[in-house]
Amino acid sequence: MNEISNSIRSKVLIDALPYIQKYYNKIVVIKYGGNAMTNDDLKQAVMSDIVLLSLVGVKVVLVHGGGPEINEMLSKVGIESKFIGGLRYTDEATVDIVKMVLAGKVNKELVALLAQHKGKAVGLCGIDGEMIMCEKMQGEVDLGFVGEIVKVNKNPIINSLDDGYIPVIATVACDEKGQTYNINADTAAARIAAELGAEKLILMTDIAGLLRDKDDPNTLIPQINVSEVPFMKRQGIISGGMIPKIDCCVESVRRGVPRTSIIDGRIPHSILIELLSNEGIGTEFV
């Protein structure tokens, strides 16, 4: 029995070798969110995955949101959470809470968790070194202090990677006048991946990926060419809350990221399954 288990272990390691070689010294951007941020066991699995990848030579950049923590803090101070079209309405009081929670509490907790797993991480936010410059998002509805990215300065991220750190980035940014804005984490991760020339972008979510039939998990679409996306929208396969996430994937591919994936963060070690196996997990956009 022990010989069989040892044989399985060795096969897993050998099978992972070509994928380790593929991503060695390459940048992989991971957008961390959803249930994997709130479930302690999943959180530990994500941290160990990231540290393992870093130790085998993959340059991991972790971009995070923190919706549940923001909601909790807003509730404590008596401010109602309000969403319009899937985006948080961010008034002057709310943007201060967003900055405090994302760049302070959540960001530093993630850095500390990576350190517990013997990882070397540094916490950053879009305001640091003018990493993410933005302007007020314009649209039919005023969302308050929600920003649209106009420029990404990759130098603080590259410097951190070159020094052997895992950059952990909170998605708050500012405009030319120094006004702070809340930035959608998926959008920020896609733009950062493109600016860094990343080999891959991974968006962690609470769904299996894109389903041909949203009510049937067995209809997962493993790979999509970005040219197919408009047709899938017209068919209704891509709809609702999936539209902005998939638009981010398409945007990153069009900006030069070879592959972008939406994966199920509810599955332990889903990052390793996606990167270090032939089968992968979720839906990949190429």
Side-chain angles (χ1 to χ4, degrees), residues 9-66 69 102-125 128 131 154 156-171 185 188-189 192-193 196-205 259-277 279-282:
R9 285 194 198 99
S10 62
K11 186 178 187 310
V12 168
L13 293 170
I14 291 166
D15 287 348
L17 178 60
Y19 301 99
I20 294 172
Q21 292 170 326
K22 176 182 177 180
Y23 291 107
Y24 179 76
N25 213 30
K26 300 287 178 63
I27 296 173
V28 173
V29 176
I30 298 170
K31 185 268 174 170
Y32 179 44
N35 201 45
M37 280 193 79
T38 55
N39 178 293
D40 284 339
D41 290 339
L42 291 174
K43 193 183 290 187
Q44 296 295 337
V46 169
M47 297 303 115
S48 64
D49 287 2
I50 290 169
V51 172
L52 188 153
L53 289 171
S54 180
L55 290 174
V56 298
V58 183
K59 295 183 174 182
V60 181
V61 176
L62 187 65
V63 178
H64 69 85
E69 289 86 352
L102 290 187
K105 181 179 184 291
V106 177
N107 188 268
K108 301 316 170 194
E109 283 179 354
L110 293 176
V111 170
L113 270 174
L114 287 165
Q116 287 176 25
H117 287 268
K118 310 302 180 188
K120 192 178 166 186
V122 61
L124 300 168
C125 77
D128 297 325
M131 187 197 312
K154 65 183 179 182
I157 308 172
I158 293 293
N159 291 341
S160 299
L161 290 170
D162 288 346
D163 287 339
Y165 288 95
I166 302 163
V168 181
I169 302 171
T171 54
I192 288 168
L196 291 172
E199 186 68 21
K200 191 173 180 77
L201 166 67
I202 295 174
L203 303 182
M204 299 187 76
T205 66
R259 296 172 183 276
T260 301
S261 293
I262 293 176
I263 69 169
D264 193 343
R266 299 168 301 179
I267 298 174
H269 304 294
S270 55
I271 296 171
L272 293 186
I273 299 169
E274 173 61 25
L275 285 176
L276 303 184
S277 73
E279 295 79 11
I281 193 170

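Side-chain atoms are counted along with the backbone in the values below, which use heavy atoms only and exclude waters and symmetry mates.
- Evaluation of the salt bridge (charged side-chain N to carboxylate O under 4.0 Å, His left out) test over residues 106-116, restricted to residues two or more places apart or in two chains, returns K105-E109.
- Distance check, rounded to the nearest 0.5 Å: CG of L102 to CD of E69 gives 8.5 Å.
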Test log, rule side chain to side chain contact (heavy atoms under 4.5 Å, CB included), inputs T205 and K31: CA-CA 9 Å; T205 66; K31 185 268 174 170; over 6 Å; no

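- Scanning all heavy atoms of the two residues, the minimum distance from A193 to L201 falls at CB-CB, 4.1 Å.
- Between V46 and M37 the shortest side-chain heavy-atom distance does not fall below 4.5 Å.
- Here the closest non-hydrogen pair linking K200 and S261 is NZ-OG, 2.9 Å.
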Quiz: residues 263-272 side-chain donor-acceptor pairs under 3.5 angstrom, not counting sequence neighbours:
| residue | atom | partner | partner atom | Å |
| --- | --- | --- | --- | --- |
| D264 | OD1 | R266 | N | 3.0 |
| D264 | OD1 | R266 | NE | 2.8 |
| D264 | OD2 | R266 | NE | 3.4 |
| D264 | OD2 | R266 | NH2 | 2.9 |
| R266 | NE | D206 | O | 3.2 |
| R266 | NH1 | D206 | O | 3.1 |
| R266 | NH2 | D206 | O | 3.3 |
| H269 | ND1 | D49 | OD1 | 2.6 |
| S270 | OG | D264 | O | 3.3 |
| S270 | OG | I267 | O | 3.4 |

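- Remark: R259 CZ to I202 CD1 distance equals 12.5 Å, nearest 0.5 Å.
- Listed for the S160 side chain is a donor-acceptor partner under 3.5 Å among the backbone atoms of P156.
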Full working for side chain to side chain contact (heavy atoms under 4.5 Å, CB included) between K59 and L196: CA-CA 11 Å; K59 295 183 174 182; L196 291 172; over 6 Å; no

Pair Q44-L113, side chain to side chain contact (heavy atoms under 4.5 Å, CB included): steps then yes or no: CA-CA 8 Å; Q44 296 295 337; L113 270 174; 3.5 Å; yes

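- A121 and V111 make their closest contact through O-CG1, 3.8 Å (heavy atoms, listed as atom of the first residue, atom of the second, distance).
- Counting non-hydrogen atoms of neighbouring residues, nucleotides and ligands closer than 6.0 angstrom, the OH atom of Y165 reaches no more than 12 such neighbours.
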Test log, rule side chain to side chain contact (heavy atoms under 4.5 Å, CB included), inputs Y32 and K43: CA-CA 10 Å; Y32 179 44; K43 193 183 290 187; 3.2 Å; yes

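- With hydrogens and angles ignored, the 3.5 Å screen pairs no side-chain donor or acceptor of E199 with any backbone N or O of V28.
- Here the side chain of N107 pairs a donor or acceptor atom with the backbone of L124 at under 3.5 angstrom.
- Note that the CG atom of L62 and the OG atom of S54 stand 11.5 Å from one another [nearest 0.5 Å].
- Listed by first and then second residue, the salt bridge (charged side-chain N to carboxylate O under 4.0 Å, His left out) pairs involving residues 110-124 amount to none (not counting sequence neighbours).
- Atom CG of L161 is separated from atom CG of N25 by 10.0 Å, given to the nearest 0.5 angstrom.
- In this structure, E274 CD and I30 CD1 are separated by 10.0 Å, a value rounded to the nearest 0.5 Å.
- Residue I166 holds its CD1 atom at 7.5 Å from CG of L55, rounded to the nearest 0.5 Å.
- The closest side-chain heavy-atom distance from L53 to L276 is below 4.5 Å.
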